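This report concerns only the one structure given below.
What's counted below: heavy atoms across the whole structure, side chains too, no hydrogens, waters or symmetry copies. Because the structure is predicted, anything quoted here is derived from the model rather than measured. So you know, we letter chains A, B, ... as the sequences are listed, proteins then strands, and number each from 1.
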Amino acid sequence: MDERYEPSKIEPFWREEWERTNLYLTRETPGRPKFYGLEMFPYPSGDGLSVGHLHNYVPCDVIGRYKRMAGFNVLHAMGWDAFGLPAENDALLKRLHPKETVPRYAANFKRQLKLAGCAYDWTREINSSSPDYYRWTQWFFLLLYKRGLAYRALGSQWWCEKCRTILANEQVVNGCCWRHMETPVSKKDLEQWYFKITDYADRLLADLDGIDWPEPIKLMQRNWIGRSEGAELAFPVMGHPGKEVRFFTTRPDTVFGVSFMVLAPEHPLVAEIVTAENRGAVDEYVAQARRQSEIERLSTVKEKSGVFTGAYARNLFSGKDVPIWIADYVLMGYGTGAIMAAPGEDERDFAFAKKYGLEIPVVTAPADGSSAPANQAFTERGIAINSGFLNGMKTDDAIRAVCKHAEECGFGRATISYRMRDWLISRQRYWGCPIPIVYCAKDGIVPVPDDQLPVVLPDMKDYQPSGTGRSPLANVPEFVNTACPKCGGPAERETDTLDGFACSSWYFLRFAAPHYDKAPFEPKAGDYWLPVDLYVGGAEHAVMHLLYARMWTKVMFDAGLIKFKEPFPALRNQGMIWAADGQKMSKSKGNVVTPDAMVEKYGADALRLWELFMGPFEEATNWNETGVAGTARYLQRVWALMRRYVEAGCPDGAPSAETVKRAHKTIKIVTDHVERMRFNTALAVLMDQLNYLAKLEPERLGRHTIETYVLMLAPMAPFVGEEFWRELGHKDSIHLEPWPKFDSALTVDETVTVVVQINGKVRDRLEIEADAAEADVRALALASEAVRRNLDGKAPKKVIYVPNKLVSIVV
RNA sequence: GCGAGAGUGGCGGAAUGGCAGACGCGCCGGACUUAGGAUCCGGUGCCGCAAGGCGUGGGGGUUCAAGUCCCCCCUCUCGCACCA
């Protein structure tokens, strides 16, 4: 062995050797359990990977390598989320074409992942922008269409002026585009495709209970779905026979206190019921609401505003006619776009009533008999008062009574409302999966038959988004003009493309059999590998990708294609790595640290170890390069130990009982920590063990001690692991060796330190035999010189004994 | 505003209610060196010569014993933000 550890001398060799021997091909050895570990597949950006990205890939690689050694058939593959706005925007900016940049960027990512020693089965590499792949994205679109889950509707939708396309609700952040955080979105009326994710709202919510996900992510999904129980009721509009205001409320029990109603400015009823004398003010308000930016409109701090329509609705409970207002605090997109206002029990209605001098009846009293605080709404549950037949009922009973009454009278019923809206999937952009739909003058909307897939994205030089609301594909006659699959007559293709999130809603299935060309996945391989055993990615995907993928999985389950209802039974979020300056790593800030630079300076193994050691896997922390120097130094010390051992002829040796015990304890603890993804502490244990071993003569180490140490190091530092294994005389790769086992009997301590406390303060320590008799330990403790000195003649009031831990004396 | 998570040495971080600060970084001292941003050895929470005392954001509480459990407050990060 060389005197000094020089990663540049060993890493390129093993990188090539592993590739040559196809070491990381997926194996399906009979009799072994399977493990499918998956990282969220990345959009390959032109900036390449930073050390921050590796904080996801390296730990997952360690788990994959560990599972393989622990006897699993492991599926660990990588692919590229290559379709979509990020790739297209980048190419536009650089005046290049995504079909050219995407493969180049992906190749660079792949190179970097190999550089870092990540073990993927590259024969399973996938790319969502390749026709072999998006053919099946289209197939899934048609599956949803056939099941009534894809529909077309005219709607007022979010439009980003920079992206020149419609965005999904989830892609609007604080009133701005998620790709352009400084660009406020506006509304545009277009006919669009939607996926009916709301049909799955209940199941998406209920099935969260059965999956092993971080609680905050589940909570975000629950909040996003936003299930509310309540009632949908309708009150007739006076003077407009047949017209009614339908509204949703979670507090139907307060209906006797309804003193006015509010419609969203965009509500279709507004134009019909507004009186002549109010029309001017109403029109102006509606126009102003449309003009207003969404940030202003959605601001909670803004004072409420609204105008009276001049029309009245009959409160079918109180019998009173109440004024109908319009106000922008009522949203057209939720419920029915109309509310009943119970200002005595709702803060928002209260504020509105105060401002416009509307009546504020009080119809709920605190259940404990106290009086409700004055000059504010009483929003808690309580007892109905001033409420006709509801008087004296508790809120929950009153809710049931109102629903029953409304249902009997035929103007309402108990219902459930969701905050989540349907998923808007049309994009007026070039670089996406074409929607496999044809419009025929005779047959209308016609799906492209499965055997005509894929609908290939045509080559276009000039693919800039037009901003007209039509995709650039509309400018390609060869693409647009086609024959109707039904009647054969002239027809036009849909020119919008699919939201990139469609591509990532099923990719995890594809890795099971990525080259199968008769279905999205080969059924037998799917049954074997799916679902994903461990899914790892950033928390930023809490409500988009993770919700969509769950929905598609449920659709596939319903269609009988798969046997599981959840794609990712276990999910973990890696912590964000900030730059050394505490900011986000970005090229523009000039604070990006690349794996390339770190590998060149310290080697891939040292980089990997620091990624693992810098903190708990799921917690955020700042990058710190001196840490890599530290793990490189650790590897130097391991190298020095190995060299001494190898040069002494790898003696079987005569390890002391303590050394043997330490070896077994180390295996036990490291195994436990790796299983729980506590890589930082797992490595700390290995470092501690090294500090011990480094002091021993080679003859006193023992071959078992050394080999198990190297085996445990191998998943974390695969290059030196492989090198050491060969130096120890092995021919086969260490990465296919079984994970070391420990002898429980050898992990038990024979002596223990028992702490003696007096009034909670440590006064002495006793080295005693493990599991010694309680009476003996108590006697020993009380006899201790330090204890007698500190007792100072006082008699112990109480003595508590915790076996093998401590004696606590109270005086 | 509502919800969630987090506050431990100079720094990253360890600690099934039972010795706070494992492991590493940094720093200090020493050895070897022409040299050290290499390597090795030792030290390193704070105050104190010491004995000892004090210490996990702040304040209370439960307990023989609290970083850990309970209540109140402060700070930071993230999510949602008029969803009726």
>> Output the rounded distance in Å from CG (A/L547) to P (B/G79).
In response: 17 Å
> Rounded to whole angstrom units, what separation is found between the CD atom of A/E618 and the P atom of B/G5?
Replying inline: 14 Å
> Has the side chain of A/K797 got a donor or acceptor atom sitting under 3.5 Å from an opposite partner on the base of B/C64?
Replying inline: no
> Is any side-chain nitrogen or oxygen of A/R678 closer than 4.0 Å to OP1 or OP2 of B/A15?
Replying inline: yes
> Using the P atom in both, what is the distance from B/C76 to B/U8, to the nearest Å?
Replying inline: 14 Å
> Considering heavy-atom distances to RNA chain B, does A/S808 or A/I339 have its closest nucleotide positioned more toward the 5' end?
Replying inline: A/S808
> Picking from B/U16, B/A84, B/A38, which would you name as closest to the side chain of A/Y334?
Replying inline: B/A84
>> Counting the atoms with a prime plus P, OP1 and OP2 as sugar-phosphate, which does A/G630 contact under 4.0 Å by heavy atoms, base, sugar-phosphate, or nothing?
In response: sugar-phosphate
> Which value, in whole Å, describes the distance between the C1' atoms of nucleotides B/G48 and B/G59?
Replying inline: 28 Å
> Considering Watson-Crick and G-U wobble pairs with both distances under 3.5 Å, what does B/G48 pair with?
Replying inline: none
>> Only pairs with both distances under 3.5 Å count, Watson-Crick or wobble alike; so what is the partner of B/U62 in this structure?
In response: none
> What is the distance from CZ of A/R765 to C1' of B/A20, rounded to the nearest Å?
Replying inline: 12 Å
> Would you call A/R788 and A/L782 a side-chain contact if the rule is heavy atoms closer than 4.5 Å?
Replying inline: no
> Base, sugar-phosphate, or nothing for A/R227, non-hydrogen atoms under 4.0 angstrom?
Replying inline: nothing
> Do any side-chain nitrogens or oxygens of A/N691 fall under 4.0 Å of OP1 or OP2 in B/C23?
Replying inline: no
> Who does B/C25 pair with, Watson-Crick or G-U, both distances under 3.5 Å?
Replying inline: B/G10
> What is the distance from CD1 of A/I416 to P of B/A84, rounded to the nearest Å?
Replying inline: 13 Å
> Would one find a side-chain N or O of A/T681 under 4.0 angstrom from OP1 or OP2 of B/G13?
Replying inline: no
> So which nucleotide from B/C19, B/C80, B/G13 ends up closest to the side chain of A/N680?
Replying inline: B/G13
> Of all the choices, B/A84, B/G13, B/G52, which nucleotide is nearest to the side chain of A/S228 once you look at every atom?
Replying inline: B/A84
>> Strictly below 4.0 Å, N to O, side chains only: are A/E232 and A/R246 in salt-bridge contact?
In response: yes
> Taking the P atom of each, how far is B/U56 from B/G7, in whole Å?
Replying inline: 14 Å
> Should B/U39 form a Watson-Crick or G-U wobble pair with both distances under 3.5 Å, which nucleotide is its partner?
Replying inline: B/A31
>> Once you apply a heavy-atom cut-off of 4.0 Å, does A/R637 come out as touching a base, just sugar-phosphate, or nothing?
In response: sugar-phosphate
> Which nucleotide, in any strand shown, forms a Watson-Crick or G-U wobble pair with B/A15, with both distances under 3.5 Å?
Replying inline: none
> Checking A/R662 against A/Y692: charged group under 6.0 Å from the ring centre and within 45 degrees of the axis?
Replying inline: yes
> Considering only side-chain heavy atoms of A/V762, which listed nucleotide, B/G18, B/A20, B/G24, is closest?
Replying inline: B/A20
>> Using the P atom as the point on both nucleotides, what is the distance between B/C69 and B/A14, in whole Å?
In response: 16 Å
> Any idea which of B/G52, B/C19, B/G18 is nearest the A/R789 side chain?
Replying inline: B/G52
> Side chain of A/L806: nearest nucleotide among B/C82, B/C19, B/G18?
Replying inline: B/G18
> Would one find more than 12 heavy atoms of other residues, nucleotides or ligands at under 6.0 Å from atom CD of A/E600?
Replying inline: no
>> Counting only side-chain nitrogens and oxygens, does A/R419 get under 4.0 Å of the OP1 or OP2 atom of B/A81?
In response: yes
> Can you tell me if the side-chain N/O atoms of A/K761 get under 4.0 Å from OP1 or OP2 in B/C54?
Replying inline: yes
>> Less than 4.0 angstrom from a charged side-chain N to a carboxylate O is my criterion; do A/D396 and A/R400 meet it?
In response: no
> Would A/E697 and A/R644 pass as an ion pair if we require N to O under 4.0 Å?
Replying inline: no
> Would you call A/D749 and A/K665 a salt bridge, using N to O less than 4.0 angstrom?
Replying inline: yes
> Roughly, in whole Å, what's the span from CH2 in A/W578 to P in B/G13?
Replying inline: 14 Å
>> Taking A/N375's backbone N and O only, do any of them form a donor-acceptor pair with A/K354's side chain (distance below 3.5 Å, no angle check)?
In response: no
>> Nearest to the side chain of A/Y329, heavy atoms from C-beta on, is which of B/G26, B/G13, B/C82?
In response: B/C82
> Is A/A640 touching bases, backbone alone, or none of the nucleic acid, heavy atoms closer than 4.0 Å?
Replying inline: nothing
>> Looking at B/G67, which nucleotide sits across from it as a Watson-Crick or G-U wobble partner, both distances under 3.5 angstrom, or is there none?
In response: none
> Say you pick atom C1' in B/G21 and the same atom in B/A15; how far apart are they, in whole Å?
Replying inline: 9 Å
> Taking all atoms of both residues into account, what is the closest heavy-atom pair of A/A342 and A/T254, and its distance?
Replying inline: CB-OG1, 3.5 Å
>> Taking the nucleotide of RNA chain B with the nearest heavy atom to each, does A/T336 or A/Q636 sit closer to the 5' end?
In response: A/Q636
> Which part of the nucleic acid does A/E215 contact within heavy-atom distance under 4.0 Å: base, sugar-phosphate only, or nothing?
Replying inline: nothing
> Among B/A84, B/C19, B/C41, which nucleotide sits nearest the side chain of A/V330?
Replying inline: B/A84
>> Taking any heavy-atom pair under 4.0 Å as a contact, classify A/N223: base, sugar-phosphate, or nothing.
In response: nothing
> With respect to the side chain of A/L219, which nucleotide from B/C64, B/C82, B/G3 is positioned closest?
Replying inline: B/G3
> Just how far, in rounded Å, is P of B/G12 from CZ of A/F613?
Replying inline: 14 Å
>> Quick check for you: among B/G13, B/A84, B/C23, whose closest atom lies nearest to any side-chain atom of A/T621?
In response: B/G13
> Any ion pair linking A/R251 and A/D253 (charged N to carboxylate O, less than 4.0 Å)?
Replying inline: yes
> In whole angstrom, what separates A/W639's CH2 from B/A38's C1'?
Replying inline: 17 Å
> When the P atoms of B/A6 and B/G43 are considered, how many whole Å apart are they?
Replying inline: 35 Å
>> Taking the P atom in each of B/C41 and B/U75, what is the distance between them to the nearest angstrom?
In response: 47 Å
> Now, which nucleotide makes the Watson-Crick or G-U wobble pair with B/C2, with each of the two distances under 3.5 Å?
Replying inline: B/G79
> Which value, in whole Å, describes the distance between the P atoms of nucleotides B/G24 and B/G45?
Replying inline: 15 Å
> Using the glycosidic torsion, which applies to B/G7: syn (within 90° of 0) or anti (everything else)?
Replying inline: anti
> Between B/C19 atom P and A/N804 atom CG, what is the distance in whole Å?
Replying inline: 14 Å
